[in-house]
Amino acid sequence: MPELPEVETVRRGLTALVTGKKIKKIDVYYPKMVLPNETEFVKQLTNRTIQEIERRGKYLIFHFDQDVSMVSHLRMEGKYSVHSHEMPLNKHDHVVFEFTDGTELRYNDTRKFGRMVVVPTGEEYSVAGLKTIGPEPTPATLSLDYLTTTMKKHHKAIKSFLLDQNMIAGLGNIYCDEVLWLAKIHPLQPTNTVPVDKIAILRQKIFDELDLAIRAKGTTVFSYLDASGHAGSFQNQLHVYQRTGQPCERCGTPIERIKVSQRGTHFCPFCQKLVEVDD
DNA sequence: AGGACCTCCTGGATGC
DNA sequence: TGCATCCAGGAGGTCC
């Protein structure tokens, strides 16, 4: 499931592969995937040239000439790849952008959860999801003050808080579990009961972990690959995610798995104790 | 505010 | 072996 590091890896790969290319033709094999509708999507993007690819949280934003942009979310299993026009399509290739140079950008998505929205440049943030997105998790954009203030306002489980893209952008199931283990916070700890010193540690762990993961070109889970078809390697640096029953690297206690916000959640019951706090 | 649950999807795992 | 059923999950939605 691509999260911030994986989407950033895709953005970098695609930037190198398709910047400057002009779209000649678009084939949509699963119309629900493109918005506002297939006709408008194809009309707006045909003959446009890709100028820049941006990322915000887990969203990719393609900027074209003529003030046209496309907001793309990979959701669970979305993948972009670049091939020559002659290469046969793969199963689950749903949208194909054919360029004037004989190559094409293909969007493949087994579960069909991904969506692409074409909008006038400047209106990207009117797209649902981006409209209310929280700060980017970098030292410059996610201040300790914001995090402390916001966390004091919410009573829900810290894992649910971290997963909420309106609170902080970019974290998904894998990195939430990882940063909570790193910061030694129980995933069910009510957000407003996390002590200030722990909040500062958590914030720093988020920055460090995302930096590390981006440097490893993301985590490869199931079928996820980057834009050039290469697998990331960060799965080798995970401490708790999908390690149920294996010993905690710090204390040896078997990692446990529970459900939080409908998500499989992994943690060390010894290192990450639920702290009772009156509030 | 936030939990509980549903929907969208498919393939891999599990059950018998 | 084969068929049925369950499960995973990001985000958006409803209901209470």
Side-chain angles (χ1 to χ4, degrees), chain A residues 1-8 10 28-37 55-61 71-80 89-95 107-117 124-134 136-137 149-180 186-194 210 213 218-225 235 238 240-245 255-266 274 279:
Chain A
M1 50 242 55
E3 304 179 28
L4 190 153
E6 293 74 38
V7 178
E8 177 59 20
V10 171
V28 179
Y29 299 100
Y30 184 66
K32 277 180 73 175
M33 192 152 276
V34 299
L35 297 162
N37 57 67
R55 180 192 57 72
R56 180 72 167 85
K58 304 179 202 170
Y59 292 82
L60 286 168
I61 309 174
V71 177
S72 167
H73 197 299
L74 308 173
R75 292 288 183 94
M76 303 299 300
E77 298 196 42
K79 291 170 278 288
Y80 281 104
L89 290 181
N90 286 318
K91 194 176 180 182
H92 309 305
D93 281 343
H94 302 303
V95 183
Y107 179 76
N108 182 288
D109 192 340
T110 308
R111 297 216 170 122
K112 298 180 173 172
F113 282 177
R115 293 292 181 266
M116 302 172 194
V117 192
E124 298 88 341
Y125 286 84
S126 66
V127 171
L130 278 183
K131 204 185 304 186
T132 52
I133 198 164
E136 203 61 19
T149 307
T150 312
M151 285 179 64
K152 287 295 164 206
K153 287 185 204 158
H154 291 272
H155 301 191
K156 59 182 169 183
I158 182 70
K159 164 124 185 204
S160 306
F161 175 86
L162 294 177
L163 280 172
D164 187 341
Q165 302 301 296
N166 298 322
M167 300 297 119
I168 303 173
L171 296 175
N173 208 33
I174 300 174
Y175 297 104
C176 284
D177 284 3
E178 293 298 313
V179 298
L180 288 174
H186 194 287
L188 288 174
Q189 190 70 41
T191 307
N192 63 327
T193 65
V194 178
L210 294 176
T219 299
T220 301
V221 178
F222 307 116
S223 55
Y224 172 78
L225 297 175
Q235 63 277 14
L238 297 178
V240 282
Y241 185 75
Q242 289 195 342
R243 295 192 68 242
T244 311
I255 299 301
E256 283 185 13
R257 185 177 192 277
I258 57 172
K259 277 243 179 187
V260 183
S261 285
Q262 328 279 105
R263 303 281 142 61
T265 298
H266 314 75
L274 196 54
D279 61 288

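Residue numbers start from 1 in every chain, and the chains themselves are labelled A, B, ... in the order their sequence lines are given, proteins ahead of strands. If you're wondering where the values come from, they're calculated on a predicted model, not measured in any experiment.
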Tell me what A/Asp109 touches on the nucleic acid: a base, only sugar-phosphate, or nothing, going by heavy atoms under 4.0 Å. nothing

Does a side-chain N or O from A/His92 land closer than 4.0 Å to OP1 or OP2 of B/dT10, or not? no

Tell me whether the OP1 or OP2 atom of C/dA8 has a side-chain N or O from A/Arg257 closer than 4.0 Å. yes

Side-chain (A/Glu178) to main-chain (A/Tyr241) donor-acceptor, under 3.5 angstrom: yes

Quick one: are the ring centres of A/His73 and A/Tyr59 less than 6.0 Å apart? yes

Euclidean distance, atom CD1 of residue A/Ile168 to atom P of C/dG10 [Å, nearest integer]: 16 Å

In whole angstrom, give the distance that lies between atom CG of A/Leu188 and atom C1' of B/dG2. 14 Å

Decide whether A/Ser72 and A/Tyr80 meet the rule of one side-chain donor and one side-chain acceptor closer than 3.5 Å. yes

By nearest atom, which of the nucleotides B/dC8, B/dT10, B/dG2 is closest to the A/Lys32 side chain? B/dC8

Below 4.0 Å: OP1/OP2 of B/dA4 and any side-chain N or O of A/Lys259: no

Whichever of A/Gln262 and A/His154 has the more 5' nearest nucleotide on DNA chain B, that residue is A/His154

I need the CE-P distance between A/Met151 and B/dG2, as an integer number of Å. 12 Å

With the six-membered base ring of C/dG10 as reference, does the ring of A/Phe113 sit under 5.5 Å away with planes under 30° apart? yes

Please report, rounded to the nearest Å, how far the P atom of B/dA1 is from the NZ atom of A/Lys152. 18 Å

Tell me if a side-chain donor or acceptor on A/Arg56 pairs with a main-chain N or O of A/Lys58 at a distance below 3.5 Å. no

What's the CE-P distance between A/Met76 and B/dT7, to the nearest Å? 18 Å

Candidate list A/Leu163, A/Thr265, A/Asp177, A/Ile158, test side chain to side chain contact (heavy atoms under 4.5 Å, CB included), partner A/Val260, passing option: A/Thr265

Could you state the atom-to-atom distance from CD of A/Glu3 to C1' of C/dG9 in whole Å? 11 Å

Would you say a side-chain N or O of A/Lys153 is under 4.0 Å from OP1 or OP2 of B/dA1? no

Length of the CZ-C1' vector between A/Arg115 and C/dG10, whole Å: 11 Å

Scan nucleotides 11-16 of chain C nucleotide by nucleotide, 5' to 3', and note B when protein non-hydrogen atoms come under 4.0 Å of the base, S if they reach only the sugar-phosphate, - if neither. BS----

Between the side chains of A/Lys159 and A/Asn173, does any donor sit under 3.5 Å from an acceptor? yes

Per atom distances to the A/Arg111 side chain, the nearest of B/dG11, B/dC5, C/dG9 is C/dG9

Counting only Watson-Crick or G-U wobble pairs whose two distances fall under 3.5 Å, which nucleotide matches C/dT14? B/dA4

Taking the side chain from A/Asn108 and the backbone from A/Lys91, do they hold a donor-acceptor pair closer than 3.5 Å? yes

Rounded to whole angstrom units, what separation is found between the CD1 atom of A/Ile258 and the C1' atom of B/dA4? 16 Å

A/Glu256 side-chain N/O to A/Thr244 backbone N/O, donor-acceptor pair under 3.5 Å: no

